[in-house]
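Here's the structure we're looking at; comments come further down.
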Amino acid sequence: MLLEVDKIEVGYGDAIALWDLSIGVRAGEIVSVVGPNGAGKSTLVNAIAGILRPHKGKIVIEGKDVSKVPSHRVCDYGIAVVPEGRRLFTAMTVLDNLLLGAYRSLARAERDATLAEVFQLFPVLEERQDSLAGSLSGGQQQMVAIGRGLMAKPRVLLMDEPSLGLSPLIVGEMFKIIQMINERGVAVLLVEQNVNKALEIAHQAYVIEQGRVTASGAPEVLINDPSIREAYLGI
Ligand code: ATP
């Protein structure tokens with residue numbers, strides 16, 4: 001197991017947001033975590049990224065317990081985050097935003113080669129590298145956010161709602177891009193409200209509701225579960 005979230009409890013003050021929650025990501029997998037608004041998806045991403053501390057349980061990356069590792073060091077263990085809402089530096093250029101992703105020493109040494117790979121994946125970013133990030137379309141900004149994550153050379157890329165706010169056409173492209181990244185050997189933990197698409201590309205999936213895992217397994221099994229079809233797929 002590349003990433004193991006083992007029975008974590010995470011909260012904001014006294015309010016518990018995740019209860020006894022366990023998920024796992026194996027090397028080479030896309031694992032989708034789906035669930036309604038407020039289910040705890042972003043809380044899970046922030047806990048893995050070291051931004052929120054679990055009160056109980058642990059987070060293990062390649063056998064190492066990172067539950068107490070500060071957030072700025074979690075990337076040293078091969079985790080990169082593409083945050084909800086992209087969080088770009090909109091007044092900086094596309095290139096500078098991308099280079100910011102390569103700050104850990106291992107990534108810095110390979111910065112130029114990784115940048116070439118990112119430009120190969122997103123040719124439009126090479127064309128627009130000197131533009132201010134804020135001047136790009138929503139889809140292109142999401143590409144910058146993903147590219148910045150890849151610049152850290154992660155083993156696991158955590159993606160929080162990458163399709164949020166994008167037009168249906170661009171959403172389809174975004175999911176294809178996630179598959180391409182995965183085919184290049186990066187495991188992906190994908191947190192999504194677009195249940196249909198997220199299950200379509202996943203190798204494993206989890207449904208979380210009110211901070212608890214309520215279903216998990218192969219996506220084709222979940223897609224055929226009547227209660228999931230009714231609740232999330234409108235069928
Ligand atoms: P969304 O899709 O809306 O982002 P989500 O599944 O990512 O939803 P979270 O944002 O993780 O859900 O929220 C889980 C629970 O934690 C919710 O009940 C939410 O109200 C609560 N919560 C989230 N952030 C905070 C915060 N900063 N302070 C207090 N409670 C919070």
Side-chain angles (χ1 to χ4, degrees), residues 3-25 30-59 61 66-67 69-72 74 79-88 138-139 141-142 145-146 148-149 156-168 170-172 174-175 178 187-202 204-217 219 222-223 225 227-234:
L3 166 66
E4 212 176 339
V5 173
D6 185 18
K7 295 184 180 152
I8 58 168
E9 182 178 296
V10 184
Y12 300 91
D14 290 338
I16 307 295
L18 300 179
W19 306 79
D20 198 31
L21 188 138
S22 298
I23 64 159
V25 180
I30 298 176
V31 173
S32 291
V33 175
V34 299
N37 249 330
K41 303 182 298 296
S42 297
T43 304
L44 173 63
V45 169
N46 288 333
I48 298 169
I51 296 163
L52 292 168
R53 291 261 164 255
H55 309 157
K56 292 183 190 161
K58 58 185 182 195
I59 293 161
I61 303 170
V66 299
S67 315
V69 171
S71 57
H72 67 281
V74 170
I79 298 277
V81 182
V82 182
E84 183 174 351
R86 301 160 204 147
R87 306 274 175 89
L88 298 182
Q141 290 195 24
Q142 188 59 262
I146 296 171
R148 180 180 59 188
V156 186
L157 192 62
L158 307 186
M159 305 184 86
D160 194 352
E161 306 269 6
S163 75
L164 202 69
L166 302 179
S167 70
I170 307 294
V171 166
M174 206 50 69
F175 281 94
I178 296 168
V188 176
L189 178 68
L190 173 65
V191 159
E192 258 298 335
Q193 278 189 52
N194 189 329
V195 178
N196 229 335
K197 290 272 184 201
L199 293 183
E200 210 176 284
I201 67 164
Q204 288 294 320
Y206 295 82
V207 179
I208 65 174
E209 289 167 349
Q210 295 181 17
R212 291 183 163 88
V213 173
T214 53
S216 66
L222 297 184
I223 279 176
D225 180 314
S227 60
I228 291 170
R229 287 170 79 82
E230 195 185 328
Y232 298 106
L233 305 174

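As the structure is a computational prediction, the values presented were derived from the model and not from experiment. Counting convention: from 1, in listed order, for ligands and their atoms alike.
The line from CD of E9 to CG of L18 is 9.0 Å long, rounded to the nearest 0.5 Å. Interatomic distance, N196 CG to R229 CZ, rounded to the nearest 0.5 Å: 9.5 Å. If you take CD1 on I48 and OG on S71, they are separated by 14.0 Å, rounding to the nearest 0.5 Å. Atom CD1 of residue I8 and atom NZ of residue K58 lie 12.5 Å apart, to the nearest 0.5 angstrom. Note that CD1 of I23 is 10.5 Å distant from OG of S32, once rounded to the nearest 0.5 Å.
Inclusion of A17 in the set of residues having an N or O under 3.5 Å from an N or O of ligand 1 is not warranted.
In this structure, the protein non-hydrogen atom closest to atom 1 (P) of ligand 1 is N37 OD1, 3.4 Å. Protein heavy atom nearest atom 22 (N) of ligand 1, with residue, atom name and distance: Y12 CE1, 3.3 Å. Of the protein's non-hydrogen atoms, the one nearest atom 9 (P) of ligand 1 is T43 OG1, 3.6 Å. Protein heavy atom closest to atom 2 (O) of ligand 1, with residue, atom name and distance, is Q193 NE2, 2.9 Å. In this structure, atom 12 (O) of ligand 1 lies nearest to the protein heavy atom G40 N, 3.1 Å. Protein heavy atom at the shortest distance from atom 17 (C) of ligand 1 is G38 O, 3.6 Å.
Within a 6.0 Å radius of CZ in R87, no more than 12 heavy atoms belonging to other residues, nucleotides or ligands are found.
Which parts of ligand 1 touch E161 is read off a 4.0 Å heavy-atom cut-off, strictly below it: atoms 2 (O). Under a 4.0 Å criterion applied to the non-hydrogen atoms of A39, ligand 1 contributes the atoms 5 (P), 6 (O), 12 (O). Atoms of ligand 1 found under 4.0 Å from any heavy atom of P36 (numbered from 1 in listed order, with element): 6 (O). Counting the atoms of ligand 1 from 1 in the order shown, those under 4.0 Å from a heavy atom of E84 are 4 (O).
Ligand 1 has no atom lying under 4.0 Å from any heavy atom of Q210. Judged by the shortest distance from any of its heavy atoms, G13 lies outside the 4.0 Å radius around the atoms of ligand 1.
For the side-chain contact (heavy atoms from CB on, under 4.5 Å) criterion with M159, the lone passing option out of V81, I178, L189 is I178.
Side-chain contact check for S163 and E192: at least one donor-acceptor pair (N or O, by modelled atom type) lies under 3.5 Å.
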Under the criterion side chain to side chain contact (heavy atoms under 4.5 Å, CB included), I'd like the reasoning laid out for Q142 against V82: C-alpha separation, chi angles, the key distance, then a yes or no. CA-CA 9 Å; Q142 188 59 262; V82 182; 3.5 Å; yes
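Under 4.0 angstrom from ligand 1, there are no non-hydrogen atoms of A15. Looking at S42 against ligand 1, both its backbone and its side chain come within 4.0 Å, counting heavy atoms.
In this structure a side-chain-to-backbone donor-acceptor pair under 3.5 Å is missing from Q193 to E161. Judged purely by atom type and a 3.5 angstrom limit, K41 uses its side chain to pair as donor or acceptor with the backbone of P36.
Counting protein heavy atoms under 4.0 angstrom from atom 20 (O) of ligand 1 gives zero. In this structure, atom 25 (C) of ligand 1 is in close contact with the protein, since a protein heavy atom lies within 4.0 Å of it.
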